[in-house]
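The block underneath contains the structure these notes are about, expressed in structure tokens.
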Amino acid sequence: MRIVSKAAAMQKCALQWKGRGVRVGFVPTMGYLHAGHLSLLRAARKRVGKSGRVVVSIYVNPTQFAPTEDLAKYPRDLKRDLKLCREAGVDVVFTPSDVEMYPVGSSRCDDRTAQRAVPTPFSTYVVEEKLSRTMEGAARPMHFRGVTTVVAKLFNLVLPDVAVFGQKDFQQAAIIKRMVADLNFPVKIIVAPTLREADGLAMSSRNKYLTGDLRRQATTLWRVIQTAKWVVKKSKSVSAADFKSDLKLLIEIEPDAKLDYVEFFNPETLSSASKVSRGTQMALAVFIGKTRLIDNTRL
Ligand code: AMP
């Protein structure tokens, strides 16, 4: 397994593969890998076969974090990640530094802060203007600008034939698919299912923050998803507004749980649904103490 930290070296390697007709599968991550990430690696390998190459990027991208968010304390353990990648049969781990990705310094979401702190010459961003307005986009302004920009950069460095994203970040996957279609990236996007802990909590690097009773309280997301599925199964159609207030009460039964949003929408267009019925997509974001968790399901 090769570890590449320079952008130019990564691109050179990818161009050599291209020249030899080698297929490349890519899994972008922020590291602190868990079984969910590993399932994406398996999906990538399955797509490119034994003769292909699987590349994983491990990069905590500063431009997708707001100044108030957890960039500095985002969990990291590169040694363990590399061991997991090696065991999973990864060919290349791309671990760029901030300076490699955003030359002469990195900027966070807040341009004014960034410009004060770092006079960076980096000034080109990729912005999706429709699907990124709601849910995570509304709750975390500029977040998706950081995501689409870094993913576009990574695609240009890794030149993948196939890239695998998790359904766990449903809106993110939809936005990446749209970006790929709109900007003609020659890559196929695969969206792989969410892996869960035994009690239903979606695996996430941020679960590390959940200590003591907060870990138990975090199962409220899964319980609410199960309840919503049950309600939709029993009744043909429910008012989204009423359903949201009922689910908020249910979530906030837990003393440290605070609902950020719960949304019902069309899974293709992400447009908001006023009636909830079978096939409607549900997504929610909940603070458990200071940790913000997201999850989603097709009802
Ligand atoms: P992250 O490291 O959190 O940026 O995630 C990297 C990729 O892994 C993204 O495409 C996520 O959607 C995906 N992912 C995160 N958690 C899970 C999970 N529990 N199951 C499957 N994929 C996941």
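Counting starts at 1 for both ligands and their atoms, in listed order.
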Determine whether Leu15 and Val92 fall in the same hydrophobic cluster, where Ile, Leu, Val, Met, Phe, Trp and Tyr are linked whenever their side-chain heavy atoms lie under 4.5 Å apart. no
Identify whether Leu201 and Phe170 are in the same connected component of the hydrophobic contact network (ILVMFWY, side-chain heavy atoms under 4.5 Å). no
On a heavy-atom basis, I'd like to know which of Ala202, Ala192, Ser57, Gly166 is closest to atom 10 (O) of ligand 1. Gly166
Nearest neighbour of atom 3 (O) of ligand 1 from the list Phe165, Phe170, Tyr32, Tyr74, on a heavy-atom basis: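 Comparing heavy atoms across Phe165, Phe170, Tyr32, Tyr74, the nearest one to atom 3 (O) of ligand 1 lies in Tyr74.
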Just heavy atoms, cut-off under 4.0 Å: does [X] contact ligand 1 by side chain, backbone, both, or neither?
X: Gln167; answer: neither
X: His37; answer: side chain
X: Val27; answer: neither
X: Pro28; answer: backbone
X: Ala173; answer: neither

Atoms of ligand 1, numbered as shown, that sit under 4.0 Å from any heavy atom of Thr194: 19 (N), 20 (N), 21 (C)
State the atoms of ligand 1, each with its element, that fall below the 4.0 Å cut-off from a heavy-atom position in Met203. 16 (N), 17 (C), 18 (C), 19 (N)
For [X] against [Y], the heavy-atom pair lying closest together:
X: Phe26; Y: Val56; result: CE1-C, 4.3 Å
X: Gly31; Y: Ser205; result: O-OG, 3.3 Å
X: Ala163; Y: Val187; result: N-CG2, 3.7 Å

Tell me, which protein residue and heavy-atom name are nearest [atom], and how many Å apart are they?
atom: atom 23 (C) of ligand 1; answer: Lys168 CB, 4.1 Å
atom: atom 20 (N) of ligand 1; answer: Leu195 N, 2.8 Å
atom: atom 17 (C) of ligand 1; answer: His34 CE1, 3.6 Å

Working note: Glu69 + Tyr74, criterion side-chain hydrogen bond (donor to acceptor under 3.5 Å, both in side chains); need CA distance, chi angles, decisive distance, verdict. CA-CA 9 Å; Glu69 292 177 348; Tyr74 193 84; over 6 Å; no
If you measure every N/O of [X] against every N/O of ligand 1, is any gap under 3.5 Å?
X: Met30; answer: yes
X: Asp169; answer: yes
X: Leu40; answer: no

Basic-acidic side-chain contact under 4.0 Å: [X], [Y]:
X: Arg223; Y: Glu254; result: yes
X: Lys18; Y: Asp161; result: yes
X: Arg292; Y: Glu136; result: yes
X: Arg215; Y: Asp199; result: yes

So, 4.0 Å and heavy atoms of Pro193: is ligand 1 close enough to count as a contact?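 Distance cut 4.0 Å: Pro193 passes for ligand 1.
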